[in-house]
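Here's the structure we're looking at; comments come further down.
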There are 2 protein chains.
Amino acid sequence: MKRRHFLSVGAAAGLGSCASAKSTTAALSTAAIAPQTMPDGMTILFQGDSITDGGRNRGRYYANDSGGMGGGYVNMLVGQLLKEHAGKGMKIYNRGISGHKVFQLRDRWDEDCLHLEPDVLSLMIGVNDFWHTLTHAYEGTVDVYKNDLIALLEQTKTANPNIKMIIGEPFAVKGGRAVSAFFDGTFDEYRYASKAVADQFGAAFIPYHSIFEEAAKVGGAKHWCPDGVHPSLAGGALMADAWMAAFNGLY
Amino acid sequence: MKRRHFLSVGAAAGLGSCASAKSTTAALSTAAIAPQTMPDGMTILFQGDSITDGGRNRGRYYANDSGGMGGGYVNMLVGQLLKEHAGKGMKIYNRGISGHKVFQLRDRWDEDCLHLEPDVLSLMIGVNDFWHTLTHAYEGTVDVYKNDLIALLEQTKTANPNIKMIIGEPFAVKGGRAVSAFFDGTFDEYRYASKAVADQFGAAFIPYHSIFEEAAKVGGAKHWCPDGVHPSLAGGALMADAWMAAFNGLY
């Protein structure tokens with residue numbers, strides 16, 4: 001399967017190899033964003049792949065729909081957000097779709113991002129950009145991933161220069177059933193790329209990979225993420241906590 | 001529709017009218033249970049109606065199944081439980097079924113409770129026992145509800161005298177679309193009955209009705225429970241927090 005080449009902005013931004021982006025991901029990186037007072041009526045959009053999708057009912061696409069958030073970290077944290085910010089008119093959408101890679105977000109970015117006019121974009125994408133090179137003969141490289149991601153965020157920032165972004169690191173949990181081939185260093189380059197792009201755009205960055213690595217010391221991969229890619233309920237709660245910390249750093 | 005008369009234990013326990021049970025429900029009632037060290041390998045079972053069901057995939061019935069907890073308060077809190085008690089071998093089941101009244105739990109209690117051998121039973125049931133008298137020509141009364149509930153818990157305690165129980169109060173949120181007929185005092189009797197039964201069995205009691213009443217002062221019924229019966233995501237998170245507080249009082 002060939003990816004569709006849709007972007008030139010990414011090539012122009014041209015960070016090339018991400019070998020220099022191996023900065024530590026041990027802590028949440030929100031320093032680049034000055035906290036502000038949270039506005040009323042804000043819109044928060046979750047975008048990504050199956051981890052964000054969480055098996056959601058895609059027919060229930062209205063904001064804050066209790067049937068439309070799936071069963072993963074988004075469901076767990078959206079309730080908390082709406083509970084803690086009752087009366088603020090917060091609108092929250094989940095538009096993660098299982099199996100997606102970054103270039104597939106582009107195909108639906110108008111409808112599933114720009115038209116929703118998010119004030120906060122939460123984006124976690126990348127595990128399939130690597131995984132499908134092993135399993136689906138996908139030919140994208142880490143540079144393709146990174147440049148497409150840059151172009152997508154350029155487009156998003158152009159539409160709303162004041163948007164706040166939270167980038168979740170693609171992760172794999174060692175010991176999971178499906179990820180034995182993830183630890184030769186290649187997948188790490190995708191993680192470093194997501195960090196570099198987050199830094200480039202002043203986005204909050206959630207280092208899920210090291211968060212899961214640390215958690216798995218108790219209970220093992222099976223407890224947190226049985227196949228190494230898709231979190232368990234415990235893993236979802238772990239992500240929800242980390243996301244809330246990142247979000248609370250924005251305002 | 002007639003209910004099936006299955007119980008004599010309840011009649012024997014015979015608390016009759018619950019008019020005397022109008023004790024305050026403003027705070028969690030866990031005083032009757034002495035906290036203990038949490039055992040390893042414990043089993044927690046959630047039972048109830050649609051609020052507990054949360055649209056779960058009933059084919060995914062294994063313990064801790066990330067696809068089988070639905071999208072309601074159970075999904076939100078099970079992740080927290082498994083995160084906070086990693087390495088303890090905790091097994092959690094959701095067996096709520098939409099539309100059920102207490103007598104329908106009895107029909108499936110062997111398979112959906114006793115065979116699972118729960119150490120903790122979390123039970124919230126009752127809104128349909130009242131609601132279906134309005135909408136489905138159901139003929140059960142509050143005494144039927146109460147006596148059946150007593151019999152069910154007697155049976156459960158007999159099977160495991162050491163079981164801990166958490167009883168959630170049936171609730172209705174004033175201003176919700178479907179509950180205008182809930183506030184003539186009749187529904188309150190079901191609430192008081194659930195509290196009386198919780199006290200009788202030394203169960204922790206979660207006063208969801210007053211919890212929602214308090215929460216709805218900000219954001220209104222629509223934010224927390226649009227139809228007055230089924231919680232929004234915010235309402236689910238509210239319930240999850242209250243449940244965690246009750247559970248943490250047990251150990």
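The model shown is predicted, which means the values in this text are computed figures rather than measured ones. Lettering follows sequence order; numbering is per chain, from 1.
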Between the main-chain N or O of A/Ala172 and the side-chain N or O of A/His209, is there a donor-acceptor pair closer than 3.5 Å?
yes
Test: A/Arg95 and A/Asp53 ion pair at under 4.0 Å:
no
Side-chain heavy atoms of A/Val173 within contact of A/Val179, under 4.5 Å
no
Show your reasoning for whether side-chain hydrogen bond (donor to acceptor under 3.5 Å, both in side chains) applies to A/Tyr73 and A/Thr52.
CA-CA 7 Å; A/Tyr73 75 99; A/Thr52 300; 2.7 Å; yes
Ignoring hydrogens, what is the shortest heavy-atom contact between B/Gly168 and B/Tyr208? Give both atom names and the distance.
CA-CE1, 3.6 Å
Under 6.0 Å from the OH atom of B/Tyr61, do we count more than 12 heavy atoms belonging to anything else shown?
no
dist A/Ser98:OG -> A/Arg58:CZ (nearest 0.5 Å) comes out at 6.5 Å
Could you state the interatomic distance from OG (B/Ser194) to OH (B/Tyr145), rounded to the nearest 0.5 Å?
4.5 Å
Determine the option with the most heavy-atom pairs under 4.5 angstrom with chain B, choosing from A/Gly71, A/Gly67, A/Pro226.
A/Gly71
Region of B/Asn57 that comes under 4.5 Å of a non-hydrogen atom in chain A
neither
Ordered numerically, the heavy-atom neighbours of chain B under 4.5 Å found in residues 74-94 of chain A are A/Asn75, A/Met76, A/Val78, A/Gly79, A/Gln80, A/Leu82, A/Lys83, A/Ala86, A/Gly87
Tell me, please, whether A/Tyr251 has A/Lys164 positioned over its six-membered ring: NZ or CZ under 6.0 Å from the ring centre and within 45 degrees of its axis?
yes
What I want to find out is whether B/Lys101 reaches B/Asp49 closely enough, with some N-O distance under 4.0 Å, to be called a salt bridge.
no
Using a cut-off of under 4.5 Å on heavy-atom pairs, state which of B/Gly72, B/Gly219, B/Ser66 scores highest against chain A.
B/Ser66
Please assess A/Ser232 against A/His223 for the test side-chain hydrogen bond (donor to acceptor under 3.5 Å, both in side chains), listing each intermediate value before the final yes or no.
CA-CA 7 Å; A/Ser232 66; A/His223 184 73; 5.8 Å; no
Shorter than 4.5 Å, heavy atoms on both sides: which option in B/Ala240, B/Ala237, B/Gly236, B/Ala234 has the most such pairs with chain A?
B/Ala234
Sort by residue number and list every member of residues 121-130 of chain A having a non-hydrogen atom under 4.5 Å from chain B.
none
